[in-house]
Amino acid sequence: QLQLVESGGGLVQPGGSLRLSCAASESTPDYYAIAWFRQAPGKEREGVSCVSATGLNRNYADSVKGRFTISRGAAKNMVYLEMNSLKPEDTAVYYCAAAWAPRSTFCTVVGPYRYRGQGIQVTVSS
């Protein structure tokens with residue numbers, strides 16, 4: 001079963017940047033679509049971004065467009081979420097997730113994604 005581990009979270013001031021990493025237990029390009037979700041206290045889970053199995057398609061929630069970038073790493077088990085111009089409303093627990101989608105050029109921030117990591121806290125505050 002695919003396992004996912006997030007890293008790179010922490011405390012950052014408004015306007016700052018963070019890069020989240022998602023390490024999978026096996027290679028994901030061409031086989032798994034990868035997404036990032038977040039959930040703030042008292043709020044519903046929100047799909048943030050996704051990249052298709054082939055890497056040809058990337059989607060973003062309107063709330064993060066132009067500020068966040070999802071990418072696959074040179075190491076075939078890594079996916080990153082670069083977050084710039086962070087705002088207090090970006091504060092949440094961020095999860096990476098994966099869906100089996102061999103050679104798919106499509107991804108959605110809605111889901112479903114069968115596999116999910118434990119999550120990592122991102123806090124944007126002065």
Side-chain angles (χ1 to χ4, degrees):
Q1 179 163 332
L2 184 71
Q3 296 181 332
L4 304 168
V5 178
E6 303 92 343
S7 61
L11 173 65
V12 63
Q13 293 187 342
S17 298
L18 278 177
R19 187 176 80 158
L20 302 183
S21 300
C22 175
S25 56
E26 60 187 77
S27 176
T28 60
D30 294 325
Y31 293 102
Y32 291 93
I34 305 294
W36 286 93
F37 293 86
R38 66 186 181 185
Q39 189 162 21
K43 294 188 176 181
E44 291 188 357
R45 190 182 70 173
E46 177 187 20
V48 174
S49 182
C50 66
V51 58
S52 65
T54 61
L56 295 177
N57 180 250
R58 306 176 190 182
N59 287 312
Y60 299 91
D62 289 342
S63 58
V64 305
K65 279 181 182 176
R67 300 188 298 122
F68 289 13
T69 303
I70 191 169
S71 63
R72 290 189 180 271
K76 293 186 176 182
N77 66 324
M78 297 299 296
V79 173
Y80 302 101
L81 185 69
E82 187 77 32
M83 306 186 295
N84 298 314
S85 302
L86 283 162
K87 306 175 182 180
E89 51 264 43
D90 294 318
T91 296
V93 176
Y94 284 71
Y95 303 87
C96 71
W100 176 252
R103 292 179 290 283
S104 175
T105 58
F106 174 77
C107 76
T108 169
V109 297
V110 175
Y113 288 84
R114 178 177 179 181
Y115 306 99
R116 197 185 80 169
Q118 292 296 310
I120 192 161
Q121 178 70 44
V122 171
T123 302
V124 185
S125 174
S126 56

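Just so it is clear, the structure is predicted and the values come from calculations on it, not from any experiment. Sequence positions, counted from 1, serve as the residue numbers for this chain.
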Scan residues 94-106 for pairs that pass salt bridge (charged side-chain N to carboxylate O under 4.0 Å, His left out), counting only residues two or more places apart or in two chains. none
Any side-chain heavy-atom pair from Trp36 and Leu20 closer than 4.5 angstrom? yes
Can you find a heavy atom in the side chain of Val109 that is under 4.5 Å from one in the side chain of Val48? no
I need the minimum non-hydrogen distance between Ser126 and Pro14, along with the two atoms involved. N-CD, 3.7 Å
Report yes if some heavy atom in the side chain of Ser125 is under 4.5 Å from a heavy atom in the side chain of Pro88; otherwise report no. no
Any side-chain heavy atom of Met78 within less than 4.5 Å of one from Ser21? yes
Please tell me if the side chains of Cys50 and Arg58 come closer than 4.5 Å, counting only heavy atoms from C-beta onward. no
Minimum heavy-atom separation for Glu46 to Ser63, with atom names? OE2-OG, 2.8 Å
Can you find a pair of side-chain heavy atoms, one from Leu81 and one from Thr69, that are under 4.5 Å apart? no
Arg72 versus Val79, closest heavy-atom pair with distance: NH1-CG2, 4.0 Å
Write down the atom of Leu4, the atom of Ala24, and the distance for their closest heavy-atom approach. CD2-CB, 3.7 Å
So the side chain to side chain donor-acceptor pair (under 3.5 Å) pairs with at least one residue in residues 78-89 (sequence neighbours excluded) are Ser17-Asn84
pair Gln121-Thr91: side-chain heavy atoms closer than 4.5 Å: yes
Pairs flagged by salt bridge (charged side-chain N to carboxylate O under 4.0 Å, His left out) wherever residues 17-33 is involved - sequence neighbours left out: none
Holding to ring pair (Phe, Tyr, Trp, His ring centres under 6.0 Å), I want the full list of residues that pass it with Tyr31, two or more places apart in sequence or in another chain. Trp100
Determine all donor-acceptor pairs shorter than 3.5 Å in which one atom belongs to a side chain in residues 5-12; sequence neighbours excluded.
{"from": "Glu6", "atom 1": "OE1", "to": "Gln118", "atom 2": "N", "distance (Å)": "3.3"}
{"from": "Glu6", "atom 1": "OE1", "to": "Gly119", "atom 2": "N", "distance (Å)": "2.9"}
{"from": "Glu6", "atom 1": "OE2", "to": "Cys96", "atom 2": "N", "distance (Å)": "2.9"}
{"from": "Glu6", "atom 1": "OE2", "to": "Gly119", "atom 2": "N", "distance (Å)": "3.3"}

Do Ile70 and Tyr60 have side-chain heavy atoms sitting under 4.5 Å apart? yes
For Ser104 against Ser52, the heavy-atom pair lying closest together: O-CB, 3.6 Å
Please list all pairs meeting ring-ring contact (aromatic ring centres under 6.0 Å, His included) that have one or both residues in residues 105-126, counting only residues at least two apart or in different chains. Phe37-Tyr113
